[in-house]
Amino acid sequence: ASGDREVTPADVTHIGRLVTRTLSIKVSLLALALLIISPLFSLALYPEADFSMKVWVAELERSYEREVALKRLVNETEAERLRSLFSGAQVEQLFDRSGMTFAAQVHRMTEFYSGLNYEPFLIEGFPERFPGEAFTIQAPRLLDERPNRLENVVFVEVVQCLVARPGCDADAKAKVYLNFQAPRKLEALMDTSLILFSLLLMIGSTWRLSRVLDAIVLDPLQRMLRTVRLLSKTILQQIDGMDQVGSIKDGDSNDGESQDMDMSEIMVLELVLSKLARISDLIMRENVVDSGEMENMYAEGKGVILDMMQLGGRQRTGSLTGFTTEETAILSPTDRLARLPVAESVLNSWNMDYLRLRDEDKAAVSAHILFDSTIGTRTGRQFTDIITFKVFHSSVLAGYLDQPYHNAAHACDVTHTVYRLLCLTKSDRWVTDVSAFAILVAALGHDMGHFGRTNQFLVETQHELALRYNDSSPLENMHCSSLFAVLSTPNSNLFKKLAREQYCSARKVCIQTILHTDNAHHFEMVKDTSMTYELHSASCDQYAFDVARDPEVASAHYLTEVLQENESKWLQLFLHLADVSNPLKPFDICQVWAHRVLDEFFAQGDEEKALGLPVGMLNDREKIGRPASQHGFINFLVAPLVFSSVRLFPSLYPLAKQMTANLETWRNVWAAEVMPLSEEVAKRDADIEKMRETLQALRARMQAERRTKFG
């Protein structure tokens, strides 16, 4: 195929088959060659496998036994007649001449081995004299050429001692020691030769195999790398590691290309595929939990998933365009609107408790945020006046009903939380002044007119709001409409001094952020936040390390690609996060708000029972325990959003830490009230431990400097 032809899946399959067949053939031939040739190098092992040594030792034992028997016969009285014919010396001479003596056998054994490269050098266990006997057994003296190394000594024992004697009895056997120095040297030489042969054979096979694989693998792989190179550059331009992409040069690879270049291409490909795999997992995930997890989930967790979540980049504009400071700045920067009812340190912390403030105190805090705070001096002081704000604030709070949870205190609490999120994330570097002003306005009015019922209830009862807004976020649409009804009145219109372009921008922020407080969008928001982190993980992790040492440090890539390009997404995140932020506050504040929201749920459950409707899983006061419900709410709804947010905004880490502590406190309260089974306790403890591990991982990235831009 030509070098420019597109690589198809069929090509990959064909290459795989060729590689498999080639490797099988080459490996089989290599194994066959080793099996055939390797035994030739084992010839040096022949002497030790030679049975002649055992035969000679057995013959020595038999000849020794015969000579001993004859010598004893010569000395016995029953040999009277033989001695009458021959003297004892003559009998021994006759036996010697017959060649059956022990000495003759030793001589023959020595001659047998004289032509070989190994020979006996010592005989042991064949004594010349027996205790108590008058005769002797003669044996020629062997050349006592002992090997220099003990490993070159080989000995052979008799199988059975035919004559009991010293050195050959139940405790020991007669032996013949042989000098194997020459065979051992030959064996070492053959082993070395075998190793060299194997190396040469493997080198030759490898060279041949590499030539074949070059033809069937390397060339197609180069074509594939060229195909993915353009894709890699396109993707990596949107994520971290852009400077690494620059190291990948266009053009064909060749044999002279360095290993570093090959590795850089493979690393880029690996990076792209790993990023795409994680992003694909986020995209394909249809729910916060899968069906198997849902089956094993306790009731409160299912209630959060099914009921609360209802499951079953633009160009930045200037902040002062269209008018001058003199026309809009009613107050000088040094003027203070009102005395704060709380210490400023409390205002700039998470200990702010709006349930303890009077209405006039709430207004004073809101005025401070919109006019006297660091954000207020560049937003409220520039875009409106205090008289209009007071009318607006009173009109908006009057639009809240006397509900346990969705009330004016909740509106102010959410506004304060949004303000704190903007401060902690250094929003002045990535949020336009108009957008910052708009989201604070949206926070104040985000639940106007809420009457303590959920969207799902409105749809099921065919409420007029559900009919008006076609079952699509009816409450949130109503809140937004109510807010702009106040803003449409001249004396309460905070946006009346904005230029047209700025007004359109502010209205867009209000609408988008309020509509996204609908929990139906919650999981999609978690996915979007997680996906953004995956695309920019290296920059986010590096920023987490840097900001822990210097809060003013931020890379250009992090500011532009992560924050500014996604301004509207993060403003939606901030308002929604603030709306469900009760578990992120100190436990005494968290607990009070939790009981208030459950009071609303139970009131809805009572109405559902009265209307004959299915009662929501979190709405039945007779079945749902308050502490138990908070475990599911935090674990399944709040925690995924908070953790994904902290990955992007590491300065929000204290919120995740407080959330984890609150979850553990709720677990203890639940265990003390309910006295549950150990299995139920174990499930909740496992959730807490998992959250601790995630928290530790977020903390660790602030302490370990990033060594590479591949994240």
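Quick caveat, the model's predicted, so the values are computed rather than measured. Computed from heavy atoms alone, side chains included, the values below leave out hydrogens, waters and symmetry copies.
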Under 3.5 Å: donor-acceptor pair, side chain of R647, backbone of T529: no
Worked check of salt bridge (Lys or Arg N to Asp or Glu O under 4.0 Å) between E61 and K54: CA-CA 11 Å; E61 180 67 18; K54 295 182 180 181; over 6 Å; no
Close side-chain approach of I123 to M109, heavy-atom, < 4.5 Å: yes
Set of side-chain contact (heavy atoms from CB on, under 4.5 Å) partners for S555, sequence neighbours left out: H557, Y558
Min side-chain heavy-atom separation S539-E561 under 4.5 Å: no
Residues which pass side chain to side chain donor-acceptor pair (under 3.5 Å) with E111, listed by chain and number, not counting sequence neighbours: H107
Heavy-atom side-chain proximity of K657 to L695 below 4.5 angstrom: yes
Counterpart residues, ring pair (Phe, Tyr, Trp, His ring centres under 6.0 Å), relative to F643 (two or more places apart): none
Under 3.5 Å donor-acceptor, S63 side chain and L60 backbone: yes
side-chain contact (heavy atoms from CB on, under 4.5 Å) involving P676 - partner list, sequence neighbours excluded: W670, A671, V674, E680, V681
No-hydrogen, no-angle side-chain donor-acceptor test under 3.5 Å, D541 and Y533: yes
Salt bridge (Lys or Arg N to Asp or Glu O under 4.0 Å) involving D169 - partner list, sequence neighbours excluded: none
Residue pairs, two or more places apart or on separate chains, that pass side chain to side chain donor-acceptor pair (under 3.5 Å) and touch residues 170-181: E124-Y177
I634 side chain reached by M659 side chain, heavy atoms, under 4.5 Å: yes
With sequence neighbours excluded, residues passing side-chain contact (heavy atoms from CB on, under 4.5 Å) with R692: T660, E664, I688, E689
Backbone N/O of H631 and side chain of R667: donor-acceptor pair under 3.5 Å: no
CG/L200: more than 12 non-hydrogen atoms of other groups inside 6.0 Å: yes
Residues that E151 engages under side chain to side chain donor-acceptor pair (under 3.5 Å), provided they are two or more places apart: R149
Test item: P147 and R184 side chains (from C-beta on) under 4.5 Å apart, heavy atoms: no
With sequence neighbours excluded, residues passing side-chain contact (heavy atoms from CB on, under 4.5 Å) with A697: none
Minimal non-hydrogen separation, L648 against C540, with atom names: CD2-SG, 3.6 Å
All salt bridge (Lys or Arg N to Asp or Glu O under 4.0 Å) counterparts of E693, not counting sequence neighbours: none
